[in-house]
Amino acid sequence: MQLTRIPATDFDLATTLDSGQVFHWEKVDGGFVGAIGEQAVYVEQDGEVLKIRDGEARALPRIVANYFALDHSLAEICASFPNDPAMNAARKFCRGLRVIRQPKWECLATFICSSMKQVAHIRQISRKLRERFGETRQIDPPSSRLRRGKASQTIDTFIVYTFPSAERIAQSSEKELRKCALGYRAKNLLVTARVVASGDVDLEKLGTLSNVDLRARLCELPGVGAKVANCVMLFAYERLSAFPIDVWIERILREKYFPRARKLNAKRLQAFTQKYFGDHGGYAQQYLFHHARTTKRKRKGRSFVTILGVR
DNA sequence: TCCCAGGTGTCGC
DNA sequence: GCGACACATGGG
């Protein structure tokens, strides 16, 4: 069996999957396995080519290219970022990072679970929800990686879990959901799942709304505030100007853009980011976020001098 | 042991 | 309208 090859210029798969947009891709050998909607996928990067494998779907190359937003004009988007030191450093550091197109319910549900959680915890929650409520899919490993001389042994098969539907979550209970390490978020996820499953809110139809209206509708859902709504708008509705402000971004804004401001509330920060970062603000935000998070230094209890090994 | 995490909802002023 | 606080859980 051959891996299907699709062109992918201006793209960094590992950076994109590690940038806090999605939380379920698992690293294996030279690539990653995960689900794109209902479809299980193995994908690895070889320069400007993605090599992919699935079960049988012929539409897979298009599904993968669409998911990773390979059609986004990344050069133009990055060129539209503001020209300042923090932004320039992030742009350089995050080369090839793309804002991907996620299934709406999966994105909404995952980010409801994300509040006050570290990325590692969100990954745990995503995995537990998938394992407990999702459906299994299998992918045969790429032939190039079959172990020679072990033909009699069972060949490893990648098991992938799809994200459970709103209907499936809605049938669950708060108690069951809490077993997935959701804590107080369990009730928010359950109620939102029921609203979506009942059809009272049609996530696909919301896609026709303006940014302002879409954000307002999302914020009506329990567990969804300005930050989560902006994440869902950016990662699932392709509203590339949506600018989520979490603790990381707020820290960056205060340190790099308002170093001596005293009164900075959420409203003022949001107004600034919309104007300053513009139409591709969501991309800029993602670059700033990933750069800060992956170059962080431990600040607690140890001085920088200690970290550098100098006494 | 303590601090922190891709926040939200509620309450008192 | 704004600030303070509670809310679960696990890694560092």
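All chains are named by letter (A, B, ...) in the order of the sequence lines, taking the proteins before the strands, and each is independently numbered beginning at 1.
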Value in whole Å for how far the C1' atom of B:dT8 lies from CD1 of A:I245: 15 Å

Interatomic distance, A:Q270 CD vs B:dT8 C1' [rounded to whole Å]: 15 Å

Close side-chain approach of A:Y161 and A:E135, heavy atoms under 4.5 Å: no

A:R130 and A:H24 side chains, donor-acceptor separation under 3.5 Å: yes

Phosphate-side-chain proximity, A:R251 and B:dA5, N/O vs OP1/OP2 below 4.0 Å: yes

Value in whole Å for how far the P atom of B:dG7 lies from CD of A:E250: 10 Å

Geometric class of the A:Y287/A:F81 ring pair [parallel <30°, tilted 30-60°, perpendicular >60°]: perpendicular

Parallel, tilted or perpendicular, as decided by the 30° and 60° cut-offs, for the rings of A:W248 and A:F289: perpendicular

A:H290 and A:F93 aromatic ring geometry - parallel, tilted or perpendicular at 30°/60° bounds: tilted

Plane angle bin for A:Y257 and A:F277 - parallel if under 30°, tilted between 30 and 60°, otherwise perpendicular: perpendicular

DNA chain B-proximal residues of residues 170-198 of chain A, any heavy atom under 4.0 Å: A:Y184

Between C:dA8 and B:dC11 - P atom distance, rounded Å: 15 Å

Pairwise side-chain contact, A:V41 with A:Y67, heavy-atom cut-off 4.5 Å (strictly under): no

Inter- and intrachain pairs under ring-ring contact (aromatic ring centres under 6.0 Å, His included), touching residues 184-242 of chain A, at least two apart: A:F111-A:F235

Integer-rounded Å distance: B:dG7 P and A:N265 CG: 18 Å

Whole-Å distance separating the CD1 atom of A:I125 from the P atom of C:dG11: 11 Å

Nearest-Å distance for atom pair CZ/P, residues A:R293 and C:dG11: 16 Å

Residues touching DNA chain C, which here means a heavy atom under 4.0 Å, drawn from residues 101-124 of chain A: A:M116, A:K117, A:Q118, A:H121, A:Q124

salt_bridge(A:R251, A:E255) N-O dist < 4.0 Å: no

Rounded distance (Å) that lies between atom C1' of C:dC2 and atom CG of A:L269: 14 Å

First encountered from the 5' end of DNA chain B, between A:Q286 and A:G223: A:Q286

